[in-house]
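Index from 1, following the sequence.
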Amino acid sequence: MWRRPPQAGIAAAVRQETIGRSVENRPLEIIILGQGDNVTLVMAGIHGNETACIPLARKLVEYLRNQPELLRWRRVVILAAANPDGIARNTRVNSRGIDLNRNFPAGNRINNRQYGSRGLSEPESRAIDQILQKYLPQRIVSIHQPLQCIDYDGPGGPLAYQMAQYCTLPVRKLGAHPGSLGAYAGETLGIPIITVELPGGAEKLPNQVLWDRYGKMLLAAIVYPERVR
């Protein structure tokens with residue numbers, strides 16, 4: 001059972017970094033909380049029309065700012081808007097019509113008009129790859145909609161089942177799509193990666209309700225293999 005250590009002398013280290021820019025020159029900004037070697041990457045909004053994911057990721061930033069004891073020996077990197085052009089347009093794809101979650105150089109990738117002429121052809125996917133290379137996360141959580149489950153790739157099974165204990169989403173192995181981040185990070189790079197699929201319509205919920213339903217699930221990934229109190 002994970003237990004909070006004493007708070008005396010602990011202060012959350014929080015900083016913001018622009019890791020890249022979108023096709024339309026919008027910043028791709030990450031929040032880095034903590035300074036530990038145990039790194040979790042949490043990202044949302046790689047599909048710009050899956051809008052419940054973004055406030056949930058931002059609520060995680062807010063929570064961790066106020067719970068610095070969780071960050072002892074840990075670092076959490078949060079990319080809350082991975083496809084800012086798609087978010088602005090309310091489209092799945094980026095402004096060049098590329099599905100960013102099919103644009104990674106995984107072993108199963110397919111080059112075409114929808115997925116990109118090559119892996120990492122898009123500045124947004126290159127920025128995500130830069131995060132992987134720079135921060136070397138031990139685990140990745142990518143938040144999506146609307147399939148209502150917890151999916152995993154690579155060695156992410158045990159983490160998926162632990163996260164499922166803190167919400168009503170079932171674990172469901174969907175399989176790695178061609179050129180997806182799951183295929184690239186999980187299968188090619190061997191990083192445990194979780195795809196959280198929130199329900200359809202979750203974007204209509206107040207932000208606090210989203211957090212109440214799914215916040216502990218995200219915290220379970222950060223403290224893994226320990227447990228959320």
Can you check whether Ile98's main-chain N or O pairs, donor with acceptor, with Asn103's side chain at less than 3.5 Å?
no

Hits for salt bridge (charged side-chain N to carboxylate O under 4.0 Å, His left out) against Arg113, two or more places apart or cross-chain, chain-then-number order -> none

Only counting residues at least two apart or in another chain, list the ones meeting side chain to side chain donor-acceptor pair (under 3.5 Å) with Asn111.
Arg109

Thr51 meets the side chain to side chain donor-acceptor pair (under 3.5 Å) criterion, sequence neighbours left out, with none

Tyr166 vs Val228 side-chain heavy atoms within contact, under 4.5 Å:
yes

So which pairs with a foot in residues 192-205 pass side-chain hydrogen bond (donor to acceptor under 3.5 Å, both in side chains), sequence neighbours left out?
Gln145-Glu203

For residues 148-159, run the donor-acceptor check on the side chains, cut-off 3.5 Å, and write out each pair with its distance to 0.1 Å, sequence neighbours left out.
{"unit_1": "Asp151", "atom_1": "OD1", "unit_2": "Leu174", "atom_2": "N", "d": "3.0"}
{"unit_1": "Asp153", "atom_1": "OD1", "unit_2": "Lys173", "atom_2": "NZ", "d": "3.3"}

Applying side-chain contact (heavy atoms from CB on, under 4.5 Å) between Ile140 and each of Leu132, Ile194, Ile131, report the one that passes.
Leu132

Going from CG on Leu28 to CD1 on Ile19, what distance comes out if it is rounded to the nearest 0.5 angstrom?
9.0 Å

What distance do Arg58 atom CZ and Glu62 atom CD have between them, rounded to the nearest 0.5 Å?
12.0 Å

Partner residues of His47 under the side chain to side chain contact (heavy atoms under 4.5 Å, CB included) criterion, sequence neighbours left out:
Asn49, Glu50, Arg92, Asp99, Asn101, His144

Could you tell me whether a side-chain N or O of Asn108 sits under 3.5 Å from a main-chain N or O of Ala183, the two making a donor and an acceptor?
no

I'd like to know if the side chain of Arg126 and the backbone of Leu120 have a donor-acceptor N/O pair within less than 3.5 Å.
yes

With a 6.0 Å cut-off (strictly less than), is the heavy-atom count around CD of Gln35, excluding the residue itself, greater than 12?
no

Just grab all the side-chain hydrogen bond (donor to acceptor under 3.5 Å, both in side chains) pairs involving residues 20-34, residues at least two apart or on different chains.
Gln16-Glu29, Arg21-Asn25, Ser22-Asp85, Glu24-Arg26, Glu24-Arg89, Arg26-Asp85

Between CD1 of Ile193 and CG of Leu181, what distance do you get to the nearest 0.5 Å?
3.5 Å

What's the spacing between Arg75 CZ and Leu136 CG if we round to 0.5 Å?
9.5 Å

What distance separates Glu124 CD from Asn83 CG, expressed to the nearest 0.5 Å?
6.0 Å

Side chain to side chain, Met163 and Val196, heavy atoms closer than 4.5 Å:
yes

Between side-chain atoms of residues 207-222 and protein atoms elsewhere (two or more places apart, or another chain), which donor-acceptor pairs fall under 3.5 Å?
{"unit_1": "Gln208", "atom_1": "OE1", "unit_2": "Lys59", "atom_2": "NZ", "d": "2.9"}
{"unit_1": "Gln208", "atom_1": "NE2", "unit_2": "Asp212", "atom_2": "OD1", "d": "2.9"}

Among residues at least two apart in sequence or on other chains, which ones pass side chain to side chain donor-acceptor pair (under 3.5 Å) with Arg139?
Asn38, Thr40

Under the ring-ring contact (aromatic ring centres under 6.0 Å, His included) rule, what pairs show up with a residue in residues 98-128, not counting sequence neighbours?
Phe104-Tyr184

Sequence-distant partners of Arg172, salt bridge (charged side-chain N to carboxylate O under 4.0 Å, His left out), two or more places apart:
none

Can you name the side chain to side chain contact (heavy atoms under 4.5 Å, CB included) partners of Ala82, sequence neighbours left out?
Met43, Ile46, Leu79, Ile128

